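Any value given below was found using the heavy atoms of this structure, including those in side chains, with hydrogens, waters and symmetry copies removed. Being a predicted model, the structure only gives us computed values, none of them experimental. Atoms within a ligand are numbered from 1 in the order they appear, just like the ligands themselves.
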Amino acid sequence: MSTPQTGNGQSMPTLPRARGPLSAALIADLRGETTLVDRTPPEPAPLGSGDEELALWLLYELHHHGFDDAVDGGTEHEWRPDLLALRGDLERRLEQRWRERVAAADLPELPVGAEPADLARAFFALCEADTGAESVARFLQREADEEQLAEVLRQRSIYHVKEQDAAMWTLPRLPDTTKAHLVTIAADEYGNGRPDDLHAQLWARGMRACGLDAAYAAHVDGALPAVLEQNNLMSLLGLHRRLVPAALGHLAAFEVTSAVPSRRVVRGMERLGAPEPMVAYYREHMVADAVHEQLAVRDLVGSYVAEVPGSEPEIAFGAAVCLLAEAATATAVLEHVRRDDETAAGEDVA
Ligand SMILES: [Fe+2]
Ligand SMILES: [Fe+2]
């Protein structure tokens, strides 16, 4: 049998390093060294250690490409009742803490039953709530050095290697009009019939040009817990029919908050003389997402609300998750790259 390939034409990812008792037990199980069947999984290390975050990321990844060094590549693990039960437990905890976080953030609400133009206006206003999500783009624009840029790209790659995939889980659950609008946006993300133009492929070319590993999930071992959590949230919203409106709100907020930061990133990369294929990735998003944001808010969200009246609060929840998770990731990434910078400076002095 030939080696299985991911979408990037790379061999399948291998299992990452464990970060605590739960991820260690899960990885050992996936490898066939021990089993979690008929056993209570160990309690995870506290949130923020990455243990729980990585365990859920691993369980979601079984629905994507699996792992080369898992038994049978992980194929048989995908629908195991005990692993689905574990996933369900971790998802309930994830959703509960983000419901609480969104409630505490007190972001602007979406009006229920508003005219389409008013709903769109309210959605754009919600996305303007200053959550700090743009801070990484500003940092790249003005002050990052080359290594800091590289580290930001490694962190970002966790999402970009499967760009849009999580939102596509919603497709079969959508009303027809909304389905058509999602496919319009997705066509751009997936290259409009040209495999080389897939955004995940543009990203991979950019990474290679920067001398960084472009393989699927290559940077998971270094991924910050907040980055894994952000990814898990997208899978959570995409995989549950109950959360479809939240997934659409998330997608729309993602598009609305992409074009302006992408412009800042382009400026930062030009300042640093970054390789053209990586600059091109962000330049493409400056342009494409300025179009996508209109499609996503007016057509995608607009049509869904028309077909599913009363869905506005859940759409707002998904949008808030997008904004707050991006802000949390931004804070964690900036702390991380600045700390590494200080450590390096300290070593220089020593
Ligand atoms: Fe994209
Ligand atoms: Fe987009």
Side-chain angles (χ1 to χ4, degrees), residues 6-8 64 120 123-124 126-127 133-134 136-137 140 152-171 174 178-210 214 216-217 227 230-231 233-235 237-238 246-266 269 274 276-304 315 318-319 321-323 325-326 329:
T6 67
N8 283 341
H64 288 258
F123 195 94
F124 284 115
L126 166 60
C127 293
E134 244 200 275
V136 173
L140 293 179
V152 171
L153 297 177
R154 288 186 204 103
Q155 297 292 336
R156 292 290 184 203
S157 74
I158 310 300
Y159 167 70
H160 290 307
V161 294
K162 51 181 179 183
E163 196 157 321
Q164 186 94 6
D165 290 352
M168 299 312 288
W169 295 119
T170 64
L171 192 67
L174 294 177
T178 313
K179 189 182 277 183
H181 292 311
L182 178 56
V183 170
T184 302
I185 297 170
D188 277 350
E189 305 287 347
Y190 291 118
N192 286 305
R194 294 180 295 275
D196 278 355
D197 290 351
L198 243 83
H199 285 186
Q201 282 294 318
L202 299 181
W203 175 260
R205 278 204 292 282
M207 290 292 275
R208 281 193 289 274
C210 291
Y216 186 86
V227 169
Q230 184 181 30
N231 263 261
L233 284 162
M234 289 186 230
S235 300
L237 300 186
L248 298 179
H250 187 289
L251 172 65
F254 197 94
E255 299 293 345
V256 170
T257 54
S258 169
V260 172
S262 293
R263 183 170 302 123
R264 291 186 188 282
V265 175
V266 166
M269 288 186 171
E276 174 54 27
M278 190 44 97
V279 187
Y281 173 88
Y282 281 96
R283 209 178 280 123
E284 166 67 20
H285 282 80
M286 265 167 57
V287 179
D289 288 342
V291 178
H292 291 170
E293 67 175 30
Q294 297 296 327
L295 295 175
V297 175
R298 295 182 196 283
D299 296 343
L300 187 80
V301 166
S303 71
Y304 189 81
I315 290 170
V321 165
C322 176
L323 301 171
E326 178 57 26
T329 299

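- Here S303 pairs with T178 under the side-chain hydrogen bond (donor to acceptor under 3.5 Å, both in side chains) rule; sequence neighbours left out.
- Excluding waters, the set of protein N/O/S atoms under 2.8 Å from the Fe ion (ligand 1) reads E163 OE2, E189 OE1, H199 ND1, H285 NE2.
- Qualifying side-chain hydrogen bond (donor to acceptor under 3.5 Å, both in side chains) partners for H292, counting only residues two or more places apart in sequence or in other chains: D188, E189, E255, D289.
- Qualifying side-chain contact (heavy atoms from CB on, under 4.5 Å) partners for T329, counting only residues two or more places apart in sequence or in other chains: R156, A226, V227, Q230, V333.
- With Y190 contributing its side chain and D165 its backbone, the two residues share a donor-acceptor pair below 3.5 Å.
- Scanning all heavy atoms of the two residues, the minimum distance from V297 to A252 falls at CG2-CB, 4.3 Å.
- A ring-centre distance under 6.0 Å is not found for W203 and H285.
- Nearest to the Fe ion (ligand 2), among the N, O or S atoms that E255 has, is OE1.
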